[in-house]
Structure formats: C-alpha cells, structure tokens
Amino acid sequence: MYKLLSLLLLSSEVFFAQNVAQKLEVATKNLLSSAPAFSANLSVYVSDESGNFIYEYQGNQGLSTASTQKIFTAAAALETLGKNYQFTTTSSYSGSISGGNLAGNLYISSNGDPTLGSWRYEGYKPENFKQKLLQALQEKNISKISGDLIIDDSYFDFQSTPGGWPWNDMGNYYGAGVFGVNWRENQFDINMNGKEMKGFNVELPNLKWVNNLKTGGSSDQSLIYTAPYSDVALISGTLPLKNMTVSGATPNPPLVFGTEIKGWLKNAGIDFKGNISSTSMQLMNGVKPQNPSKNTIILEYKSPTLDKIIYWFMRKSINFYGETLIKTLGKEKKNEGSFEAGVSYLKEFWKNKGINPAMINFADGSGLSPQNYVSARAEVQSLLWSRKQSWFSEFFEGFPTQGNGMKMKSGTMKDTKSFAGFHTSGEGKKYVFAIIINNYQGGNISEALYKVLNVLK
C-alpha cells in the first residue's frame with residue numbers, strides 16, 4: 001500500500017511538472033513569434049527547488065545578462081569573505097605632534113570601503129565619519145596641521161573602471177568607478193532647473209563643464225560624459241523644464257573627499273593651509289608616494305557588515321558595489337586588487353561549484369559590460385547552490401519584488417532584459433528560474449518576459 005501511494009505521488013509530481021513545462025513551451029513560442037523578438041536571442045531555464053529539471057529553451061546559451069549577473073558576485077563574496085566582513089578606513093599621520101601642531105601630513109587610507117560616506121546606512125553617513133575624524137584629532141590635541149592632506153588610495157590598482165564599459169555609462173552615477181578610497185558612493189548630484197545647473201551637493205575641484213542640454217519631455221533623458229581623473233565633463237540630452245536632481249559619477253573621489261575634509265577642518269577651527277592630494281595623483285605627477293606609519297593611526301573606522309552591503313547591492317542594483325567586491329576578491333584571494341584578478345577568481349569560484357566555465361564568461365562584477373556572457377542555466381545553478389548556504393536568508397532578502405509580484409533580480413540594458421529568482425506557486429510548488437533576452441526591439445520587454453514567468457504562479 002505504501003509503495004502504491006508513493007508511486008501515485010511520484011506520478012502526480014511528474015504529470016504536474018510536464019504540464020508546467022508544456023505551458024512554458026507555449027508561452028516561450030508566443031514570445032519568440034512576437035514582432036519585437038524577430039531577431040532576439042533567448043535563454044530560459046527552470047528547475048524545482050531540488051534542482052530537478054522542468055524546462056529550458058537554449059538554457060546553455062551565453063547572453064548579455066545585465067544586472068542578474070550580480071547574483072554570482074554577491075554569493076561568491078558572501079561565501080569567500082563571510083557575511084560579517086567589514087571594510088576599514090584609517091586616519092594616521094607622519095611627523096610629530098607638539099604644542100597642538102602636527103608637523104607632518106595627515107593621511108586617510110582605506111581598503112576600498114564602498115559605503116564610506118554613503119547615505120544608505122544609519123550611523124554610517126558622511127556626518128558620522130566627520131564626527132569620528134574630528135574627535136580623533138581633538139583627542140590628539142591637534143589644532144594645526146603644517147603638512148598636507150594625503151588620501152592614500154593605493155589599496156587597489158590604478159584602473160578604476162572595468163574594460164569594456166560603454167562610454168555613455170561611465171559618467172553617470174550607475175557607472176561610478178572603484179578607487180582605493182571611495183566617498184559618497186563616488187556619486188555627485190546636480191540641482192537642475194530645466195537645462196540650467198543650479199548647484200552641486202559636493203565640490204568638484206577643477207572640473208569644467210560643457211552643457212549641451214535641451215529642455216523637453218517629462219523625464220530625465222540626460223547623459224553625463226566624463227572619465228576617471230578627467231577635468232572635463234559634458235552633459236547632454238533633454239530634461240523637463242522643472243527642478244530635479246541629476247546624478248553623475250565622480251571623476252576623482254579621493255580629491256573630492258579631501259576637499260570636503262578641508263572644509264571640516266576649517267569649520268572645526270583646525271588650521272590647515274597645505275595641499276590636498278592622493279596616492280594616485282602623486283603617481284600621475286611623478287611623485288613617489290610615501291606610506292603612512294602604522295604606528296601613528298588615530299582612527300579606525302569600520303563599514304557596515306557585508307550582509308548589509310549585499311542587501312543594497314541586490315535591492316538597488318548598485319554597479320559600484322559589484323566592482324568593489326570584485327577588486328576585493330582579487331586582493332583577498334590573489335593578492336592583486338584588480339578587475340582582472342577578481343574576475344578570474346569569480347570564474348574559478350563558480351567552476352568549482354560545478355558550473356561549466358563556457359556558460360560564465362564574466363567581464364565584470366555588476367553586469368554593466370556588454371562583454372559579459374552568461375546562460376540562464378548557469379544562473380539557476382548558482383541560485384540552487386546559494387540556496388543551500390548558511391547566509392542564504394541575507395542573500396535572498398536583497399531580491400526585489402518585480403512588477404508581476406515575483407521576487408527576483410532583474411537586469412536591464414539596451415534591448416536586453418533578464419530575471420532570475422525563486423518563486424512558490426499557488427499550489428506550493430517551489431521553482432528556481434532564469435530568463436534572458438537580447439536584441440528585443442520595441443514593445444514592453446518586461447511584460448513580454450512576465451508572460452512566460454507567470455506560468456510559474
């Protein structure tokens with residue numbers, strides 16, 4: 001009797017899976033036969049929570065996946081670094097302190113903390129770091145600094161953006177680069193009134209603007225073009241004739257950070273007339289950087305824990321976080337804080353988890369580069385592995401709820417859309433899935449993919 005009952009249950013499960021697969025097949029064919037998908041490439045893969053195959057369409061095909069690639073970076077970071085990992089920013093000095101005078105340089109160093117000065121974390125905002133730094137100087141009775149302010153950003157290599165990033169992305173906030181010292185997520189905000197630039201939330205030293213904006217429309221259709229360490233920025237496109245905020249990628253975050261610190265010192269009554277520089281700027285000027293002594297540290301400032309960072313990385317799809325994590329993985333595992341080392345480690349990590357390396361041709365850690373090629377099957381495999389890990393609840397918490405009510409990570413680039421996630425159907429069936437489409441032209445691309453994924457509801 002028991003064997004008969006088990007056989008009936010198994011038969012029921014198989015029939016149910018076959019029925020879902022048939023519905024997915026119909027929905028996929030309808031998608032591919034639509035006019036916007038005439039020249040599209042599609043990769044779909046669906047399994048149950050145990051990894052049992054349910055349906056695929058070109059599941060092994062590598063496509064530009066956009067931000068669903070973040071699932072690979074986030075999981076590898078949580079497993080490699082640990083969910084309680086924290087970044088550290090330090091302040092130290094050279095020379096000596098006597099009679100309130102620091103006869104030497106003040107240094108700020110970091111191991112790339114992407115949250116330093118972020119507005120997202122209670123207790124870790126710009127004013128919190130300001131308070132801690134000024135308090136540290138006060139405890140040393142420093143009322144005058146005779147030397148310079150040096151932002152030591154040497155922890156990572158000099159290249160701040162991955163190769164292959166499009167030029168029309170790099171100057172915008174979602175294309176912010178990664179430096180050894182980051183500040184305010186390497187983002188600045190412009191207060192706009194139509195095409196008129198009314199002011200900035202931070203000072204951008206030496207930056208010259210070319211304004212080619214036009215007014216029109218009802219939404220932000222502007223683009224900022226600038227590059228790391230550039231002293232020229234172009235803003236073009238259209239903006240509606242009203243007050244609004246436009247955000248860009250800071251070309252030189254260490255210099256902006258140093259400039260802000262100089263203002264803090266002045267307001268606190270600390271006499272400082274020296275220069276502001278960074279290790280990178282010294283290299284560009286042919287000056288050999290001098291590392292601060294580890295014996296003169298006056299402040300150690302810890303970041304939020306990695307699980308909190310991963311939450312925002314996934315929930316708001318912050319490319320800058322992904323690239324910082326990639327460089328951190330490279331530094332921690334290959335002793336090289338570069339994109340090349342980090343991407344190499346990421347590929348090795350997932351290959352060791354059983355994913356065919358041909359299906360994970362990464363170019364960065366965020367998915368912004370169109371040179372990334374990942375398959376839907378690889379995404380499902382990574383999610384299935386992540387589901388078994390002790391940090392999964394923190395990982396899953398970052399998945400947003402999309403327009404069709406399903407909790408899943410999305411990815412968006414020009415003519416590209418992807419979704420990857422987990423879903424429990426109305427009948428209690430638990431699915432793990434990914435869908436990626438490239439070269440879908442015209443129409444509502446999200447709604448088109450929802451029609452396939454809604455079969456799992």
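Residue numbers run from 1 in the order of the sequence given. The basis for the numbers below is simple: all heavy atoms, side chains too, and nothing from hydrogens, waters or symmetry mates.
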Open item on the list: Angle between ring planes, F87 versus Y85, binned at 30° and 60°: parallel, tilted or perpendicular?
Closed with: perpendicular

TODO: Examine distances only and state if a side-chain atom of K302 and a backbone atom of T88 form a donor-acceptor pair shorter than 3.5 Å.
DONE: no

- [ ] Check whether the side chains of N168 and Y225 place a donor and an acceptor atom closer than 3.5 Å, and report yes or no.
- [x] no

Open item on the list: For T115 versus P304, what's the shortest heavy-atom pair and its separation?
Closed with: OG1-CD, 3.1 Å

Task: Interatomic spacing from CG in N201 to CZ in R184 - rounded to 0.5 Å - done: 6.0 Å

Open item on the list: I'd like to check Q282 versus S278 (side-chain heavy atoms, cut-off strictly below 4.5 Å). Are they in contact?
Closed with: no

Open item on the list: Any heavy-atom pair between the side chains of L255 and M281 that's under 4.5 Å?
Closed with: yes

Open item on the list: As an exercise, state the distance from OG of S143 to CD1 of I270, rounded to the nearest 0.5 Å.
Closed with: 8.0 Å

TODO: Indicate yes or no for a side-chain donor-acceptor contact from Q69 to the backbone of D364 under 3.5 Å, with no hydrogens or angles considered.
DONE: yes

Task: Heavy-atom side-chain proximity of N141 to I97 below 4.5 angstrom - done: no

- [ ] Please report the closest heavy-atom contact between P228 and T161, naming both atoms and the distance.
- [x] CG-CG2, 4.0 Å

Open item on the list: Using a 3.5 Å distance criterion without hydrogens, assess whether the side chain of W165 forms a donor-acceptor pair with backbone atoms of L368.
Closed with: no

Open item on the list: Check whether N172 reaches the backbone of G175 with its side chain - one donor and one acceptor, N or O, closer than 3.5 Å.
Closed with: no

TODO: Could you tell me which non-hydrogen atom of D148 sits nearest to which non-hydrogen atom of N105, and how far apart they are?
DONE: N-OD1, 2.8 Å

- [ ] Locate the shortest heavy-atom distance separating V181 from P253; write the atom from each residue and the value.
- [x] O-CB, 4.3 Å

Task: Reported CG-to-CG distance for the pair D271 and N101, which is rounded to 0.5 angstrom - done: 8.5 Å

TODO: Answer yes if the side chains of Q135 and E139 hold a donor-acceptor pair under 3.5 Å, and no otherwise.
DONE: yes

Open item on the list: Between S247 and D189, is there a side-chain donor-acceptor contact under 3.5 Å, judged purely by atom types and distance?
Closed with: yes

Open item on the list: If I compare all heavy atoms of G367 with all of M413, which pair ends up nearest, and what's the gap?
Closed with: O-SD, 3.8 Å

Open item on the list: Check whether N186 reaches the backbone of G177 with its side chain - one donor and one acceptor, N or O, closer than 3.5 Å.
Closed with: yes

Open item on the list: Counting only heavy atoms not in K333 (residues, nucleotides, ligands), do more than 12 fall under 6.0 Å from its NZ?
Closed with: no

Open item on the list: Does any part of the side chain of Q61, heavy atoms only, come nearer than 4.5 Å to the side chain of I436, both counted from C-beta?
Closed with: no

Task: Within 45° cone and under 6.0 Å: K331 NZ/CZ vs Y155 ring - done: yes

Open item on the list: Quick check: do L234 and I224 have side-chain heavy atoms less than 4.5 Å from each other?
Closed with: no

- [ ] Assess the side chains of E332 and Y345: does a donor N or O sit below 3.5 Å from an acceptor N or O?
- [x] no

Open item on the list: Is there a side-chain contact between F422 and K430 in this structure, where contact means two heavy atoms from C-beta onward sitting under 4.5 Å apart?
Closed with: no

Task: Row check, F396 ring normal vs K407 NZ/CZ: under 6.0 Å, within 45° - done: yes

TODO: Decide ring pair (Phe, Tyr, Trp, His ring centres under 6.0 Å) for F349 and F362; before the verdict, give the C-alpha distance in whole Å, the side-chain angles of both, and the deciding distance to 0.1 Å.
DONE: CA-CA 12 Å; F349 179 91; F362 304 133; over 10 Å; no

Open item on the list: For the residue pair K417 / T412, report whether a side-chain donor-acceptor contact shorter than 3.5 Å exists.
Closed with: yes

Task: Whether D113 side chain and T89 backbone form a donor-acceptor pair below 3.5 Å - done: no

Open item on the list: Do the side chains of E348 and K334 get close enough for a salt bridge, i.e. N-O under 4.0 angstrom?
Closed with: yes

Task: Polar contact flag, side-chain donor to acceptor under 3.5 angstrom, N439-Q441 - done: yes

- [ ] Using the ring-ring contact (aromatic ring centres under 6.0 Å, His included) rule, pick out the option among F320, F257, W119 that qualifies with W183.
- [x] F257

- [ ] Examine distances only and state if a side-chain atom of T238 and a backbone atom of T215 form a donor-acceptor pair shorter than 3.5 Å.
- [x] no

TODO: Would you indicate whether Q138, at its atom CD, is surrounded by more than 12 heavy atoms from other residues, nucleotides or ligands within a distance under 6.0 Å?
DONE: no

Task: Whether Y124 and Y301 hold their rings parallel, tilted or perpendicular, with breakpoints at 30° and 60° - done: perpendicular

- [ ] Go through the steps for I355 and W385 under the test side chain to side chain contact (heavy atoms under 4.5 Å, CB included), then give the verdict.
- [x] CA-CA 10 Å; I355 297 181; W385 179 84; over 6 Å; no

Task: Modelled atom types, side-chain donor and acceptor of T424 and Y431, under 3.5 Å - done: no

Task: Donor-acceptor contact below 3.5 Å, side chain S386 vs main chain S382 - done: yes

Open item on the list: Would you compute the distance between atom CG of L449 and atom CE of M408 and round it to the nearest 0.5 angstrom?
Closed with: 8.5 Å

Open item on the list: Looking at K353, I'd like to know if its NZ atom is crowded, meaning that more than 12 non-hydrogen atoms belonging to other residues, nucleotides or ligands lie closer than 6.0 Å.
Closed with: yes

Task: Donor-acceptor under 3.5 Å (N267 side chain, W264 main chain) - done: no

Task: No-hydrogen, no-angle side-chain donor-acceptor test under 3.5 Å, T250 and Q187 - done: no

Task: Audit row: K130, E260, salt bridge (charged side-chain N to carboxylate O under 4.0 Å, His left out) steps and yes/no - done: CA-CA 9 Å; K130 171 186 174 181; E260 195 158 344; over 6 Å; no

Open item on the list: Any donor-acceptor pair under 3.5 Å linking the side-chain atoms of K70 with those of S317?
Closed with: yes

Open item on the list: Tell me if the CD atom of E122 is crowded by more than 12 foreign heavy atoms within 6.0 Å.
Closed with: no

Task: Intermediate values then yes/no, ring pair (Phe, Tyr, Trp, His ring centres under 6.0 Å), Y450 and F419 - done: CA-CA 9 Å; Y450 290 159; F419 292 106; 5.4 Å; yes

Task: Distance-minimising heavy-atom pair for P205 and T259 - done: CG-OG1, 3.2 Å

- [ ] Look at the aromatic rings of F188 and F200 and report parallel, tilted or perpendicular, splitting at 30° and 60°.
- [x] tilted

Task: E336 and S338: side chain donor to acceptor below 3.5 Å - done: yes

Open item on the list: Would you compute the distance between atom CG of L137 and atom NZ of K144 and round it to the nearest 0.5 angstrom?
Closed with: 15.5 Å

Open item on the list: Could you tell me if S236 and N212 have a donor-acceptor pair between their side chains, going purely by distance under 3.5 Å?
Closed with: no

Task: Side chain N438, main chain L63, donor-acceptor under 3.5 Å - done: no

Open item on the list: Counting C-beta onward and ignoring hydrogens, is there a side-chain heavy-atom pair between L329 and L81 closer than 4.5 Å?
Closed with: yes

Task: Electrostatic pair D157:K327 at N-O distance under 4.0 angstrom - done: yes

Open item on the list: Less than 4.5 Å apart, side chain to side chain, heavy atoms only: is that true for Y229 and F158?
Closed with: yes

Open item on the list: Looking only at side-chain N and O atoms, does D153 offer a donor or acceptor that is under 3.5 Å from a partner on S280?
Closed with: yes

Open item on the list: Set out, in order, the CA-CA distance, both residues' side-chain angles and the distance that settles salt bridge (charged side-chain N to carboxylate O under 4.0 Å, His left out) for K198 and E196, then state yes or no.
Closed with: CA-CA 6 Å; K198 303 292 288 186; E196 185 180 358; 3.6 Å; yes

Open item on the list: Using the rule given for ring pair (Phe, Tyr, Trp, His ring centres under 6.0 Å), can you reason through W350 versus F72, listing the C-alpha separation, both sets of side-chain angles and the distance that settles it, and then say yes or no?
Closed with: CA-CA 8 Å; W350 288 109; F72 296 98; 5.6 Å; yes

